[in-house]
*Asks:* 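Attaching a single structure in structure tokens format; questions to follow.
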Amino acid sequence: MEEKKVSKKLIIIGIAAAVVIISGAVIAFLFMHKKKDDYRLLKIYEFSGEGIVERKEVGSITPYSNMVLESGDKVTLTNGSLTILADDDKYIYLDEGTVIELVASGTKKDSRTKIELENGGITCDVQNKLSDESTYEINTPNASMSIRGTIIYVFYDPNDEKGKTRAVTFEGVMDSVLIYEDGSREVTVVPVPAGQEVIITRNTETTYYFQKPKPIDYNSLPERILRIIQKKNDTGRDTSISNPEIEVILNGPYTVTFEYNKTVFATQSVKKGEKAVRPTLNPAASGDWNYNFNEPVTKDITVEWK
């Protein structure tokens, strides 16, 4: 009788132990699976030059390639180049002199990425369209730009009156919203489609669109930005400007158009860095071309007779 009781107890203990082991395995599996889903990559993908990463409760850190970043880090690129990678498919390229703060939360399935641009410019490439639960936002003191899967360039100059934001879309659509001095946001969203840009500024009274969506002025973009777009085109991306068009902007030849009374009088094709030549003939007995012929040509220009 005693043997049966002992045997019964051993069976119960064995079953209980098995349940504990199985439960532990299930919990471990779920934990590992959840951890994998929750993991968000945020790191410095490439870096060369001078810069700094400021981390709360840690202080200043010298950046390096493959450095893991944390939400709340403030990144400054003094000179050189720096690229940040988030979630394997979101690239952030910093201009020289740029200062940003990164805020990242959520999982890969419901990622929330916010970039506070304090100074300078960034090119953002979100290669895969975000899920409905995810957000990607770039903020300056006077504007907010959100994207779901596109290539954009945002530049903020705090020294331009009360600050000027330039937002450019190379692929997809970017939504822009005004931010007022008290921190409140305009309800109306202004979409900026591929090939368009906006300029937002602020005066003593309000924040406003200094320039509403209009075609991109590619000639005024930094060469580094155009080189980035070239590389994106090489991977098969459909951006708003082709590589041959970029090459003409960067290297020429450029067209110098001479106009008299709004009519084309003559044209010249000039290589990058070379100078236009004064036309042999003049369109009128008096007047002169309103141009300094000692300046190297760096883009297409129109010269008028005055």
*Asks:* Is there a path of hydrophobic side-chain contacts, each under 4.5 Å between heavy atoms of I/L/V/M/F/W/Y residues, joining Ile179 to Ile122?
*Replies:* no
*Asks:* Check salt bridge (Lys or Arg N to Asp or Glu O under 4.0 Å) between Arg227 and all other residues, then give those that pass, not counting sequence neighbours.
*Replies:* Glu223, Glu247
*Asks:* Evaluate Asn139 against Lys114 for side-chain contact (heavy atoms from CB on, under 4.5 Å), listing each step before the verdict.
*Replies:* CA-CA 7 Å; Asn139 297 324; Lys114 187 184 296 183; 3.6 Å; yes
*Asks:* With sequence neighbours excluded, give me every side chain to side chain donor-acceptor pair (under 3.5 Å) pair touching residues 296-306.
*Replies:* Lys262-Glu304, Glu304-Lys306
*Asks:* Atom CE of Met67 and atom CD1 of Ile61: how far apart are they, to the nearest 0.5 Å?
*Replies:* 4.0 Å
*Asks:* Do you know which two heavy atoms are closest between Val177 and Tyr209, and how far apart they sit?
*Replies:* N-OH, 4.0 Å
*Asks:* Using side-chain contact (heavy atoms from CB on, under 4.5 Å), reason through Ile84 and Ile100 one step at a time and then give a plain yes or no.
*Replies:* CA-CA 11 Å; Ile84 295 171; Ile100 65 171; 4.0 Å; yes
*Asks:* First locate atom CZ of Phe47, then atom CG of Leu94, and finally report the distance between them rounded to the nearest 0.5 Å.
*Replies:* 10.5 Å
*Asks:* Looking only at heavy atoms, which two atoms of Ile147 and Leu130 are closest? And how far apart?
*Replies:* O-CD1, 3.6 Å
*Asks:* To the nearest 0.5 Å, what is the distance between CG (Asp217) and CD (Gln211)?
*Replies:* 8.5 Å
*Asks:* Using a 4.5 Å cut-off on heavy atoms from C-beta on, say whether the side chain of Thr78 contacts that of Ile52.
*Replies:* no
*Asks:* Please determine, by modelled atom types, if Thr257 and Thr267 share a side-chain donor-acceptor pair under 3.5 angstrom.
*Replies:* no
*Asks:* Checking the side chain of Asn243 only, and the main-chain atoms of Asn233 only, is there a donor and an acceptor separated by less than 3.5 Å?
*Replies:* no
*Asks:* Would you say Ile152 and Leu178 are hydrophobically clustered, going by side-chain heavy atoms of ILVMFWY under 4.5 Å?
*Replies:* yes
*Asks:* Do Ile301 and Tyr254 belong together in a cluster built from hydrophobic side chains that touch within less than 4.5 Å?
*Replies:* yes
*Asks:* Share the residues that join Val99 in a hydrophobic cluster, the rule being Ile, Leu, Val, Met, Phe, Trp or Tyr side chains under 4.5 Å apart at the heavy-atom level.
*Replies:* none
*Asks:* Going by atom types alone, do Ser184 and Asp182 pair a side-chain donor with an acceptor below 3.5 Å?
*Replies:* yes
*Asks:* Might you confirm whether atom CG of Asn251 has over 12 heavy atoms from other residues, nucleotides or ligands at distances under 6.0 Å?
*Replies:* yes
*Asks:* Just grab all the side chain to side chain donor-acceptor pair (under 3.5 Å) pairs involving residues 190-206, residues at least two apart or on different chains.
*Replies:* Arg166-Glu197, Arg202-Thr207
*Asks:* Run the numbers on Glu137 and Ser144 for side-chain contact (heavy atoms from CB on, under 4.5 Å), then give the verdict.
*Replies:* CA-CA 7 Å; Glu137 188 175 280; Ser144 179; 3.4 Å; yes
*Asks:* What distance do Lys231 atom NZ and Tyr91 atom OH have between them, rounded to the nearest 0.5 Å?
*Replies:* 12.0 Å
*Asks:* For Glu96 and Arg224, what are the C-alpha separation, side-chain angles and deciding distance, and is it a salt bridge (charged side-chain N to carboxylate O under 4.0 Å, His left out)?
*Replies:* CA-CA 10 Å; Glu96 291 186 338; Arg224 182 173 176 274; over 6 Å; no
*Asks:* List the residues meeting salt bridge (Lys or Arg N to Asp or Glu O under 4.0 Å) with Asp89, not counting sequence neighbours, and say none if there are none.
*Replies:* none
*Asks:* Could you work out, with salt bridge (Lys or Arg N to Asp or Glu O under 4.0 Å) as the rule, every residue matching Lys272, not counting sequence neighbours?
*Replies:* none
*Asks:* What residues join Leu221 in its hydrophobic cluster, counting side-chain heavy atom gaps under 4.5 Å, either direct or through other members?
*Replies:* Ile151, Tyr153, Phe155, Val168, Phe170, Ile216, Tyr218, Ile225, Leu226, Ile229, Ile241, Ile246, Ile249, Leu250
*Asks:* With a 3.5 Å distance limit and no angle check, can you tell me whether Thr83 reaches the backbone of Tyr45 through a side-chain donor-acceptor pair?
*Replies:* no
*Asks:* Which residues satisfy the side chain to side chain donor-acceptor pair (under 3.5 Å) test with Asn66, sequence neighbours excluded?
*Replies:* Lys43
*Asks:* Do Leu42 and Val58 share a hydrophobic cluster, counting only Ile, Leu, Val, Met, Phe, Trp and Tyr and linking them when any side-chain heavy atoms are less than 4.5 Å apart?
*Replies:* yes
*Asks:* So do Ile115 and Cys124 actually touch side chain to side chain, heavy atoms under 4.5 Å?
*Replies:* yes
*Asks:* Applying side chain to side chain donor-acceptor pair (under 3.5 Å) as the test, list every pair that has at least one member in residues 281-297; sequence neighbours left out.
*Replies:* Arg278-Asp288
*Asks:* Output, in order, the C-alpha distance, side-chain angles, deciding distance and verdict of side-chain contact (heavy atoms from CB on, under 4.5 Å) for Lys164 and Ile199.
*Replies:* CA-CA 7 Å; Lys164 181 176 74 174; Ile199 294 177; 3.5 Å; yes
*Asks:* Nearest 0.5 Å, what's the OG1-CG distance between Thr165 and Asn142?
*Replies:* 3.5 Å
*Asks:* Within a strict 4.5 Å, meaning less than it, do heavy atoms of the Lys275 and Gln268 side chains meet?
*Replies:* no
*Asks:* Same cluster or not: are Phe258 and Leu281 linked, directly or through other Ile, Leu, Val, Met, Phe, Trp or Tyr residues, by side-chain heavy atoms under 4.5 angstrom apart?
*Replies:* yes
*Asks:* With side chains defined as the heavy atoms from C-beta onward, is the minimum distance between Glu116 and Lys74 less than 4.5 Å?
*Replies:* no
*Asks:* What's the spacing between Leu77 CG and Ser48 OG if we round to 0.5 Å?
*Replies:* 8.5 Å
*Asks:* Of all heavy-atom pairs between Pro191 and Pro213, which one has the smallest distance, and what is that distance?
*Replies:* O-CG, 3.7 Å
*Asks:* Write out all pairs satisfying side chain to side chain donor-acceptor pair (under 3.5 Å) with one or both partners inside residues 54-65, taking only residues at least two apart or from two chains.
*Replies:* Arg55-Asp73
*Asks:* Taking Glu186 for its side chain and Thr188 for its backbone only, find out whether a donor-acceptor pair lies under 3.5 Å.
*Replies:* yes
*Asks:* Who pairs with Tyr136 by ring-ring contact (aromatic ring centres under 6.0 Å, His included), at least two apart in sequence or on another chain?
*Replies:* none
*Asks:* Which heavy atom of Ala143 sits nearest a heavy atom of Met145, and at what distance?
*Replies:* CB-SD, 3.9 Å
*Asks:* Considering non-hydrogen atoms only, spot the tightest contact between Ser71 and Val103 and give its length.
*Replies:* OG-CA, 3.5 Å
*Asks:* Search all heavy atoms of Pro253 against all heavy atoms of Ser269 and return the closest pair with its distance.
*Replies:* CB-OG, 3.4 Å
*Asks:* Under the rule for side chain to side chain donor-acceptor pair (under 3.5 Å), what residues qualify as partners of Thr123, not counting sequence neighbours?
*Replies:* none
